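Predicted, not measured: the structure shown is a model, and the values here were computed from it. Reminder, nothing fancy here: chain letters follow the sequence lines and each chain counts from 1.
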Amino acid sequence: MPELPEVEVVRAGLAPAVTGARVVSAQVMDPRALKRHLPTAGDDGLGGHGVTLTAAAGAARSADFERRVTGLTLAAPERRGKFLWVPTSGRSAAGEPLALLAHLGMSGQVLLRAHDAVDDRHVRIRLWIAHPDHGELRVDFADQRLFGSLALDALHPANDGPGVIPTQAAHIARDPLDQAFDDARFIAALRSRTSGVKKLLLDQTLISGVGNIYADEALWRARLHPETPGSAVGPRKAVELLALLRAVFAQALVEGGTSFDAQYVNVNGQAGYFAHSLNAYGRTGQPCPRCGTPIKRITFGGRGSHFCPRCQKRRT
DNA sequence: CAGGTACCCTGGCCGC
DNA sequence: TGCGGCCAGGGTACCT
């Protein structure tokens, strides 16, 4: 389940191999992995995310992507929350820089492979790249469940600080590892809402990069019940929660991310080992590492939440 | 703004 | 052994 630490591990792993490389050719094996790729003029007439492509529309979209990505030179990859993108030498019709945008969804993987390496499972899109120092490489986008996707998307100046942002991530808030993240603003927003604090942590328009695993872990560390209303989190507690969230992210980064069910791997196909450091997520019925009470699981907002019923009392 | 539900998808797991 | 059904999960759409 790629969240901020996993996507950052991928970004950092990709950087030396793709920065300065040129796309020699591209091959789309499954157009469903282009969900976020919106073709230019001569449109296939279909929308993006959530829309099932007909065979003809899928073929057209694949051809559009392959044609437009071939020949582009790649710059250093960037990230905001769970969105990852590689700026390119390409330009949109409006003259804006084009980026190769990736979202890993649930099970997406970006794999760097030697030119002649054997196929990994579930490879949906393949780029052949040539790097001045590293020679020819394959960048394989693999995704078992197809919630992730690649796309070509235009970059715009960010409207919330320095830097640029792809069109499709324009509504995504900065993440807590971003230098320009506004702590006071996030805390004020959190404390002004009546929704459960976990739901607010997962709201990518308030704070990005947090998914189910790290939300549960940060709340466990902060001793907050996931359904505690944002408005019931005191100012000191909110500051503490943000600090603990950053600490969880930092530790997960050092440990190479969380590989649950071997879904997540880095660009070399290796699993991270933060799963061994989880205190609440996925530990239903196992003792709380702090007090020994069995971890409880409830369904909340359509997703499982794991917490200690003794350490994490609900506040009202 | 809040809440609920549905959808996109696969594969693991359950019960029969 | 096999099959049908359920579930997980991020992001989004759309409804009340």
*Roughly how many Å is it from CG in A/D143 to P in C/dG9, rounded to a whole number?*
16 Å

*What residues form a ring-ring contact (aromatic ring centres under 6.0 Å, His included) with A/H156, not counting sequence neighbours?*
none

*What is the distance from CZ of A/R303 to C1' of B/dG3, rounded to the nearest Å?*
14 Å

*Starting from C1' on B/dC8, measure out to CG on A/D30 and report it in whole angstrom.*
13 Å

*Below 4.0 angstrom from OP1 or OP2 of C/dG11, is there any side-chain N or O of A/H171?*
no

*Roughly how many Å is it from NZ in A/K198 to C1' in B/dG3, rounded to a whole number?*
17 Å

*Just compare C/dG9, C/dG10, B/dG3 and give me whichever is closest to any side-chain atom of A/R297.*
C/dG9

*Choose from B/dG11, C/dG10, B/dC9 the nucleotide whose nearest atom is closest to any side-chain atom of A/R32.*
B/dC9

*Pairs flagged by side-chain hydrogen bond (donor to acceptor under 3.5 Å, both in side chains) wherever residues 228-242 of chain A is involved - sequence neighbours left out*: A/K237-A/E240

_When you compare the side chain of A/V164 with that of A/E78, does any pair of heavy atoms fall below 4.5 Å?_
yes

*So, is A/K82 near the phosphate of C/dG11, with a side-chain N or O under 4.0 Å from OP1 or OP2?*
yes

_No-hydrogen, no-angle side-chain donor-acceptor test under 3.5 Å, A/S149 and A/R36_ = yes

*So, is A/S195 close to the B/dC1 phosphate, meaning a side-chain N or O under 4.0 Å from OP1 or OP2?*
no

_Any A/Q204 side-chain nitrogen or oxygen under 4.0 Å from OP1 or OP2 of C/dG11_ = yes

*Cluster partners of A/L244, using ILVMFWY side-chain heavy atoms under 4.5 angstrom, listed by chain and number?*
none

_Options B/dC8, C/dG9, C/dT12, nucleotide nearest the side-chain atoms of A/M106_ = C/dG9

*Could you give the distance from CD (A/E3) to CD (A/E217), rounded to the nearest 0.5 Å?*
10.0 Å

*Distance, rounded to the nearest Å, where A/D216 contributes CG and C/dA8 contributes P*: 13 Å

_If you compare every side-chain N and O of A/R145 against the phosphate oxygens of B/dG12 (OP1, OP2), does one of them come in below 4.0 Å?_
no

*Could you spell out the base pairing of DNA chain B in dot-bracket, with Watson-Crick or G-U pairs whose two distances are under 3.5 Å, [ ] crossing and | to another strand?*
.|||||||||||||||

*Could you work out the complete set of other residues in the hydrophobic cluster of A/L146, with links drawn between I, L, V, M, F, W and Y side chains under 4.5 Å apart?*
none

*Take the protein atom OH of A/Y281 and the nucleotide atom P of C/dA8, then report the distance between them rounded to whole Å.*
9 Å

*State which of C/dG11, B/dG11, B/dC9 makes the closest approach to the side chain of A/Q144.*
B/dG11

Donor-acceptor pairs under 3.5 Å, side chain of residues 9-28 of chain A to any protein atom, not counting sequence neighbours: which ones?
| from | atom 1 | to | atom 2 | distance (Å) |
| --- | --- | --- | --- | --- |
| A/R11 | NE | A/E8 | OE1 | 3.0 |
| A/R11 | NE | A/E8 | OE2 | 3.3 |
| A/R11 | NH1 | A/P77 | O | 3.3 |
| A/R11 | NH2 | A/E8 | OE2 | 2.9 |
| A/T19 | OG1 | A/A15 | O | 2.6 |

*Round to the nearest Å and state the distance from A/L84 atom CG to C/dG11 atom P.*
13 Å

*Proximal nucleotide (of B/dT10, C/dT12, C/dG10) relative to the A/L146 side chain*: B/dT10

*Any side-chain N or O of A/H122 less than 4.0 Å from the OP1 or OP2 oxygen of B/dG11?*
yes

*C/dT12, B/dC1, C/dG9: which one has an atom nearest the side-chain heavy atoms of A/N212?*
C/dG9

*asked:* Please classify the nucleic acid contact of A/G148 as base, sugar-phosphate, or nothing, using heavy-atom distances under 4.0 Å.
replied: nothing

_Rounded to whole Å, how long is the line connecting atom CG of A/L4 with atom P of C/dG11?_
11 Å

